[in-house]
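One structure is given here, and the rest of the page talks about it.
Lettering follows sequence order; numbering is per chain, from 1. Remember, predicted model here, so these are calculated numbers, not experimental data.
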Amino acid sequence: MENKLRNEGALGYKESAIIGTTIFLLGIILQIVLGNTVEINLQWPFNLAVFVFHILLCVLVFVFFKSTKTIRWITRVPASMVAIVLVLFLTMLIGTIPQVPEYKNSVISLLGLNKITQTWYFLLTVFFFSTCLLLVSIKRISIGIHPNLGFLASHLGLYIALNAGVFGSGDLIRYTMELKEKKISWVANDANNKAVVMPIAIVLDDFMMEEFAPKLVIINQKGEVLKEKGKNLILVKKGIKAALENNYVVEVMQYIPDAVRFDAVYRAVNQEGATPAVYVKVTNTVTRFKKEGWLASGSFLYDQQSLGLDKHHFLALTKPEPKKFSSKIKIFTVDKEEYATVLEVNKPFKVMGWNLYQLSYDDRFGKYSPTSTIELVKDPWLPVVYLGVFMMMAGAVYIFFSGNLKSKKND
Amino acid sequence: MIDYNSFYFASAFLWFFALLFLLLSFKKSEKYIIIGLVFNGLAILVLAGFVVYLWQMLNRPPMRTLGETRLWYALFLPIIGTVFYAKWKYIWILFYTILMAFLFLTLNFFNPDMYSQTLMPALQSPWFVPHVIVYLFSYAALGVSCIVAIKEIVTPSESGRQMADNLVYIGTAFLTLGLLFGALWAKEAWGHYWTWDPKETWAFLTWIGYILYIHYRFYHPKEDQKAMILLACAFVVLLVCWFGVNYLPTAQNSVHTYSRA
């Protein structure tokens with residue numbers, strides 16, 4: 001019975017493959033004739049209209065035509081498999097060909113292979129894929145929601161996340177804003193560096209950075225770090241003894257995180273541009289070489305100081321790596337509201353529908369950077385995307401348990 | 001100073017005895033299996049202890065470099081092997097997982113990391129640990145499913161295929177969670193949940209590969225051989241995602257390339 005249902009009147013793999021190929025070729029032709037799809041970036045409320053229209057159309061088509069060959073075909077696995085393979089194929093191209101704005105190779109740019117997500121064949125494939133997803137979901141709903149909860153969580157969840165992402169991209173706004181310490185900013189830049197006036201103004205009170213301690217390394221004349229595998233890259237600390245490459249042992253006698261050189265000696269200062277410095281004793285366990293002296297990482301104001309070991313090698317102190325950077329800001333909205341917060345990587349702040357992210361700083365100055373760049377993102381469709389994501393998570397949990405159930409039943 | 005080699009040697013030593021007793025069990029009584037399992041359990045404990053020790057020493061989750069991910073893989077494989085042995089009673093799954101763990105430790109031994117305590121700010125997130133652990137657990141389950149598939153291609157059996165499905169369901173569930181955790185984290189860290197970063201793209205491809213297998217199995221429960229070939233191939237995509245992405249022309253600007261120092 002099951003087999004009969006599967007084969008009778010429904011199109012099989014051969015037909016599915018032909019239809020899949022046709023969709024793809026149609027996309028290629030449209031791509032060559034019309035170029036990229038950027039121009040049809042749908043925005044509110046048109047994206048919502050098309051989204052709802054797609055859902056209504058699929059429901060109506062299913063209700064009135066569910067016994068036709070085409071609908072039976074598209075709600076069966078062969079069609080899904082073709083859709084999955086098409087997505088697989090395109091994703092593989094995206095993952096292999098660098099996706100860059102400009103490409104010299106004319107064939108690649110003619111077919112849009114350097115911007116696949118903006119091509120017609122990508123659009124048609126996503127359309128086919130999500131139509132399959134929606135129709136199989138509707139079919140399961142018509143059979144009964146309760147026994148198909150796991151199926152619906154994963155399939156409908158993917159449909160919602162995917163389409164909210166695709167349609168929502170028209171309403172997604174990403175701007176950057178460069179903040180200067182103690183100055184007020186309300187003009188941001190879009191992706192093309194065009195100025196945009198924001199409904200919020202931001203004052204950067206302070207840009208703060210914590211750094212890891214610098215590391216001891218041996219470099220050659222070209223400044224390249226000798227990296228022998230399996231050795232520990234040790235963050236300096238007063239009193240530690242570290243074994244480095246070529247049998248050198250370094251003992252850190254003094255460590256000053258913020259130092260300035262006075263004649264031959266480094267002293268702790270509280271001043272912009274100060275550099276980390278250490279006083280070390282170096283010995284070589286094989287050659288009996290012995291030396292001591294100062295090392296400094298260097299900063300935008302002061303030079304790096306290293307210690308000569310032999311003709312070709314020097315002991316040096318690396319520039320400290322950032323551990324944490326953040327911007328202490330005040331925000332003023334057009335609605336006369338005021339907020340004070342600290343923006344940090346991984347800790348965005350939400351105001352007036354905008355998410356503010358700590359993006360970067362002027363790395364020439366490191367922790368003394370006088371500016372801080374933040375990103376402002378508005379993504380009104382995010383809750384819908386997350387609805388889909390959480391449904392998919394529920395679907396994954398279901399698969400985990402149902403997979404076990406299935407195999408237990410077979411035991 | 002982090003002395004990882006003594007941990008490696010201890011685990012390898014214990015696993016050697018585990019393998020020895022498992023081999024003996026073929027000739028002598030089945031009691032030897034229990035002894036083998038005890039040695040295997042001890043080896044897993046030693047390695048788990050090492051992961052905890054490394055975590056403490058580095059002052060950050062040991063999940064940043066490729067070698068560190070191999071360490072987790074070497075830990076998860078024998079755990080999955082033991083659980084699946086308990087359920088399906090295939091001794092060879094123990095051999096396979098122990099030997100693979102052995103191999104991964106050997107890779108780390110001859111190709112050790114530069115152990116560095118620094119961790120870039122973007123990785124300092126509550127999502128870091130669940131994202132990586134869920135992924136590596138999934139990779140381990142799917143790695144076992146690959147060898148089961150190859151074994152099934154050579155000597156087909158009903159229970160072997162069921163075990164393969166079992167592993168794929170567990171692995172794919174975790175793979176899905178890893179992918180989605182990554183998306184939620186990316187939103188917090190970079191302002192967007194999906195940016196077609198090469199690693200993301202290949203992770204999605206891996207996911208699609210196993211989704212394809214599940215659909216094929218569902219619709220063609222009798223086409224075992226083809227399904228098993230598909231399953232073995234899906235793991236190749238996974239390996240590209242894990243190791244291979246760094247070598248692809250698209251990798252230059254990935255945020256996911258494991259740092260080398």
Side-chain angles (χ1 to χ4, degrees), chain A residues 6 76-78 80-81 84-85 87-88 91-92 94-99 117 154 165 172 174 212 215 225 227 229-235 242-243 321-325 344-348 355 357 359 375 377 379 382 385-386 389 392-393 395-397 399-400 402-404 406-407 410-411, chain B residues 1-2 4 111-122 124-127 158-159 162-163 165-166 168-170 172-177 180 183-185 187-194 196 198 201-202 204-205 208-209 211-212 214-216 218-220 240 245 248-250 252 260-261:
Chain A
R6 274 185 177 151
R76 283 208 162 81
V77 171
S80 313
M81 296 274 286
I84 295 173
V85 168
V87 169
L88 184 86
T91 313
M92 207 165 265
I94 294 174
T96 321
I97 303 167
Q99 300 293 296
T117 55
S154 54
L172 177 78
R174 302 183 76 167
F212 286 103
K215 299 169 195 162
V225 175
K227 276 190 196 169
K229 283 175 170 175
K231 283 280 164 66
N232 302 294
L233 284 170
I234 290 176
L235 303 179
E321 290 170 46
K323 187 179 196 173
K324 186 173 149 180
F325 54 94
E344 197 187 316
V345 179
N346 272 313
K347 283 173 194 156
N355 266 315
Y357 296 86
L359 190 66
E375 190 170 31
V377 180
D379 190 0
L382 189 68
V385 176
Y386 278 5
V389 166
M392 285 173 78
M393 283 183 176
V397 174
I399 271 196
F400 179 81
S402 76
N404 281 333
K406 221 186 216 167
S407 41
N410 292 333
D411 269 356
Chain B
M1 182 89 8
I2 294 160
Y4 40 86
N111 198 12
D113 278 324
M114 299 284 287
Y115 284 109
S116 168
Q117 293 168 291
T118 55
L119 190 65
M120 59 190 281
Q124 295 168 26
S125 158
W127 288 109
E158 182 57 32
S159 57
Q162 281 174 25
M163 183 161 72
D165 283 343
N166 210 182
V168 170
Y169 281 121
I170 291 169
T172 309
F174 275 79
L175 201 63
T176 311
L177 290 177
L180 298 175
L184 296 177
W185 178 10
K187 181 73 199 174
E188 289 291 298
W190 288 284
H192 203 40
Y193 46 84
W194 194 263
W196 294 103
T201 306
W202 280 89
F204 180 65
L205 272 173
I208 284 274
I211 292 297
L212 197 64
I214 290 174
H215 283 81
Y216 190 81
F218 173 77
Y219 195 67
H220 301 282
V240 174
V245 168
L248 289 172
T250 43
Q252 290 130 6
R260 288 172 190 88

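When heavy atoms are compared at a cutoff of 4.5 Å, Leu184(B) approaches chain A by way of both its backbone and its side chain. Both the backbone and the side chain of Tyr216(B) have a heavy atom closer than 4.5 Å to some heavy atom of chain A. Only the side chain of Val377(A) comes within less than 4.5 Å of a heavy atom in chain B; its backbone stays farther off.
When the side chain to side chain contact (heavy atoms under 4.5 Å, CB included) test is applied to Ala183(B), the partners found at least two apart in sequence or on another chain are Tyr193(B). Val397(A) pairs by the side chain to side chain contact (heavy atoms under 4.5 Å, CB included) definition with Phe401(A), not counting sequence neighbours.
For the pair Leu177(B)/Met393(A), a side-chain contact is recorded, criterion being any heavy-atom separation below 4.5 Å from C-beta on. In this structure, His220(B) and Val77(A) have side chains that are not in contact, with every pair of non-hydrogen atoms separated by 4.5 Å or more. Proximity of Trp196(B) to Thr91(A): side-chain heavy atoms (C-beta onward) are separated by under 4.5 Å at one or more points.
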List the steps, then state whether side-chain contact (heavy atoms from CB on, under 4.5 Å) holds for Met81(A) with Leu212(B). CA-CA 7 Å; Met81(A) 296 274 286; Leu212(B) 197 64; 4.0 Å; yes
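Listed for the Tyr357(A) side chain is a donor-acceptor partner under 3.5 Å among the backbone atoms of Lys187(B). Remark: the backbone N or O of Asn346(A) is not paired with any side-chain donor or acceptor of Gln124(B) at under 3.5 angstrom.
For the atom pair NZ of Lys215(A) and CD of Gln117(B), the computed distance is 9.0 Å after rounding to the nearest 0.5 Å. Leu205(B) contributes atom CG, which lies 5.0 Å from atom CE of Met92(A) (distance to the nearest 0.5 angstrom).
With chain B as partner, the option from Lys324(A), Glu375(A), Met392(A), Lys347(A) having the largest number of non-hydrogen pairs under 4.5 angstrom is Met392(A).
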